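Right, one structure below, let's go through it.
All values reported here derive from a predicted model rather than from experimental measurement.
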Amino acid sequence: MRVAMIGTGYVGLVSGACFADFGHHVTCVDKAAEKIAALKRGEMPIYEPGLEALVAGNVRAGRLSFTTDLKEAVKTAQAIFIAVGTPSRRGDGHADLSYVYDAAREIAAALTGYAVVITKSTVPVGTGDEVERIIRETRPDAQFAVVSNPEFLREGAAIRDFKLPDRIVVGTDDERAKQVMNELYRPLYLNASPIITTDRRSAELIKYAANAFLATKITFINEIADLCEKVGADVQHVARGIGLDNRIGSKFLHAGAGYGGSCFPKDTVALIKTGQDHNAPLRIVETVAAVNDARKRAMARKVTAALGTSLRGKTIAVLGLTFKPNTDDMRDAPSIPLITALQDMGAKVRAYDPVGMDQAKSVLSDVTYCKDPYACAEQADALVIVTEWEQFRALDLDQLKSVMKSPVLVDLRNIYLPDEMVQRGFTYESVGRPGTKAD
Ligand SMILES: NC(=O)c1ccc[n+]([C@@H]2O[C@H](COP(=O)([O-])OP(=O)(O)OC[C@H]3O[C@@H](n4cnc5c(N)ncnc54)[C@H](O)[C@@H]3O)[C@@H](O)[C@H]2O)c1
């Protein structure tokens, strides 16, 4: 099948490359000419494990191409995906749908025969109706159906998630569109990935409800972690103890610095706005968003507690900047409010991230970037682990200690063991577990 993917960001590029790998002919379109030019040269605009090889293989096979010419790509496509951004609208937190609606207008103008227009972007319930209205208004003669097909891939594991999804959600009542969707996803269907076919509004809401639930789970365990610190319990034991209950499940029960990233913060806020607009307030999600917001900056207080003194004039080394490992995405990363808080308290910040430093430079100022964890720790009064990249799990603690001004480690991902850290001579502070002081 011929597919046009409008928007070649994380979701568009990964989905486009995976659909090509299934055997479809995919043209990825983006307005950003420099991004398309780079892709044509074989350079990836994002860091995502396995993506470069997947793209290269499918380009070589003639199934994947890149263009800025939306009209050309849409003209011959039977399936047209909208995978543009839906960031928070400045001022009120509603999803900014201007990119989606612009894309719908451009698609409408370029339609030739029957085509299915599929919204893969995360969009509030009812957006499909508006996309349909826009296309009909722009092109009363066009033959098309608008389908909701939200994407659940996680950055850092995006290709695996796309090819082995827990479920595929298809929102449409149109029989012809259902057939197109079945053909598109046939390889996954054969792998027994469940396809949930539902009405369009339910499909749109599934995506937000899923993200809000996961954000709630994270925030729940973070608050339990705070309680553990006060009462002398260990959140990792509590998380294991509840997670083994099948009704709860063990995933998303890792206490940390608060959720961030390109989806959870904006999607929870957008869902809250939808609830308010429809007089069905989502009080739990409202609380989750507020608790999480306060948490990220509050993590700076852990550094003060570990040092036992004011941060003025101190040097703090930060390991990990991206919102999670295996991505270079800095959107809404918890490291941003944390570093800003450290700086506000008078600290000088040094930082290291395996792939995120270029992106970080555009959102953080007055940070000294270093070439590796040990260079970062040099003369630091405290070291803070913010993102759990694999390479931070087995740091040479003796080497760290030898280069730091004082051996203080604040582990916001609980990747080290408190007892072991004290034996190794560190003052160690983590999340929801007993802190330890070096002798
Ligand atoms: N990033 C994720 O992990 C993830 C996961 C699931 C769902 N989503 C959702 O998918 C959508 C896209 O997210 P993303 O992270 O890929 O965004 P992104 O910002 O990385 O990419 C969006 C791309 O769309 C392009 N674009 C905008 N308008 C265009 C137009 N009219 N024509 C052509 N190109 C256009 C932009 O230039 C940009 O390259 C969002 O709604 C997001 O919430 C993202």
Side-chain angles (χ1 to χ4, degrees), residues 7 9 11 82-105 118-135 137 146-152 154 167 169-173 196 198-224 226 252 257-298 323 329 331-334 336-337:
V11 165
I82 300 180
V84 300
T86 48
S88 269
R89 191 162 70 187
R90 215 168 272 196
D92 65 5
H94 273 282
D96 178 351
L97 295 173
S98 56
Y99 302 100
V100 172
Y101 295 154
D102 286 350
R105 267 178 223 106
I118 306 147
T119 311
K120 209 169 233 328
S121 300
T122 302
V123 293
V125 61
T127 304
D129 302 0
E130 186 60 13
V131 167
E132 187 172 325
R133 193 194 61 75
I134 289 171
I135 299 178
E137 189 180 273
V146 175
V147 173
S148 166
N149 173 221
E151 183 50 57
F152 299 95
R154 293 163 302 166
R167 78 302 206 185
V169 173
V170 172
T172 181
D173 295 324
I196 297 174
T198 177
D199 62 282
R200 201 163 56 200
R201 286 183 166 240
S202 300
E204 289 168 337
L205 198 50
I206 285 170
K207 174 66 190 176
Y208 280 100
N211 275 359
F213 190 85
L214 294 172
T216 302
K217 216 172 163 189
I218 294 171
T219 307
F220 176 81
I221 202 65
N222 282 340
E223 285 203 314
I224 293 291
D226 293 347
F252 281 74
Y259 62 78
S262 62
C263 292
F264 286 0
K266 79 172 175 64
D267 292 349
T268 43
V269 174
L271 182 63
I272 291 166
K273 296 291 168 190
T274 303
Q276 288 167 355
D277 283 355
H278 291 82
N279 198 21
L282 298 160
R283 299 270 187 248
I284 293 173
V285 188
E286 287 174 9
T287 306
V288 162
V291 168
N292 189 69
D293 259 0
R295 182 172 192 84
K296 294 185 240 181
R297 215 178 136 81
F323 86 93
D329 203 335
R331 287 179 281 184
D332 259 315
I336 303 168

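- Of the inter-residue distances, the one linking Lys266 atom NZ with Arg89 atom CZ reads 13.5 Å to the nearest 0.5 angstrom.
- Between Leu214 atom CG and Thr268 atom OG1 the span is 11.5 Å, to the nearest 0.5 Å.
- Between the side chains of Asp277 and Thr274, not a single donor N or O lies within less than 3.5 Å of an accepting N or O.
- Using a 4.5 Å heavy-atom threshold, the side chains of Arg133 and Asp129 count as separate.
- Counted within 6.0 Å of CZ on Phe152, heavy atoms from surrounding residues, nucleotides or ligands total more than 12; the atom is thus considered enclosed.
- Ring planes of Phe264 and Tyr259: perpendicular class, angle over 60° (limits at 30 and 60°).
- Under a 3.5 Å cut-off, the side chain of Glu204 and the backbone N or O of Ser148 do not form any donor-acceptor pair.
- To the nearest 0.5 Å, the span separating CD1 on Ile336 from CZ on Arg331 amounts to 11.5 Å.
- The distance from atom CD of Glu286 to atom CG of Leu282, rounded to the nearest 0.5 Å, is 7.0 Å.
- Atoms CZ and CD, from Arg105 and Glu137 in turn, are 8.0 Å apart once rounded to the nearest 0.5 Å.
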Quiz item: When you look at Asp96 and Thr86, which way does the side-chain contact (heavy atoms from CB on, under 4.5 Å) test go after all the steps?
Solution: CA-CA 5 Å; Asp96 178 351; Thr86 48; over 6 Å; no

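- Taking the side chain as every heavy atom from C-beta outward, Pro124 and Leu97 approach each other to under 4.5 Å.
- The nearest pair of heavy atoms linking Ala103 to Ile82 is CB-CG2, 4.3 Å.
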Exercise. Dump the intermediate steps for salt bridge (charged side-chain N to carboxylate O under 4.0 Å, His left out) on Asp226 and Arg295, then the final yes or no.
Key: CA-CA 10 Å; Asp226 293 347; Arg295 182 172 192 84; 3.1 Å; yes

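- Listed here is the closest heavy atom pair of Arg297 and Pro337: CG-O, 3.8 Å.
- When atom types are taken as modelled, the side chain of Lys120 and the backbone of Val11 share no donor-acceptor pair closer than 3.5 angstrom.
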Practice problem: Tell me, with the steps shown, if Thr119 and Val147 meet side-chain contact (heavy atoms from CB on, under 4.5 Å). | Solution: CA-CA 6 Å; Thr119 311; Val147 173; over 6 Å; no

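- With respect to Arg201 and Asp199, no salt bridge is recorded, no charged nitrogen being found less than 4.0 Å from a carboxylate O.
- The shortest heavy-atom contact between Val84 and Val100 is CG2-N, 3.6 Å.
- In terms of heavy atoms, Ala95 sits closest to Ala270 at N-CB, 4.1 Å.
- Within the structure, side-chain hydrogen bond (donor to acceptor under 3.5 Å, both in side chains) pairs that include any residue of residues 215-224 do not occur (at least two apart or interchain).
- Heavy-atom neighbours of Ile196 CD1 from other residues, nucleotides or ligands within 6.0 Å: above the threshold of 12.
- The two residues Gly128 and Val146 make their nearest non-hydrogen contact at O-CG1, 3.8 Å.
- Using a distance-only test at 3.5 Å, with no hydrogens or angles considered, no donor-acceptor pair links the side chain of Asn292 to the main chain of Ala215.
- Between Thr127 atom OG1 and Arg200 atom CZ the span is 10.0 Å, to the nearest 0.5 Å.
- Across Gly171 and Ala203, no two heavy atoms sit closer than the pair CA-CB, 3.6 Å.
- Around atom OH of Tyr99, no more than 12 heavy atoms belonging to other residues, nucleotides or ligands sit under 6.0 Å away.
- Distance alone, capped at 3.5 Å, places no donor-acceptor pair between the Lys273 side chain and the Gly93 backbone.
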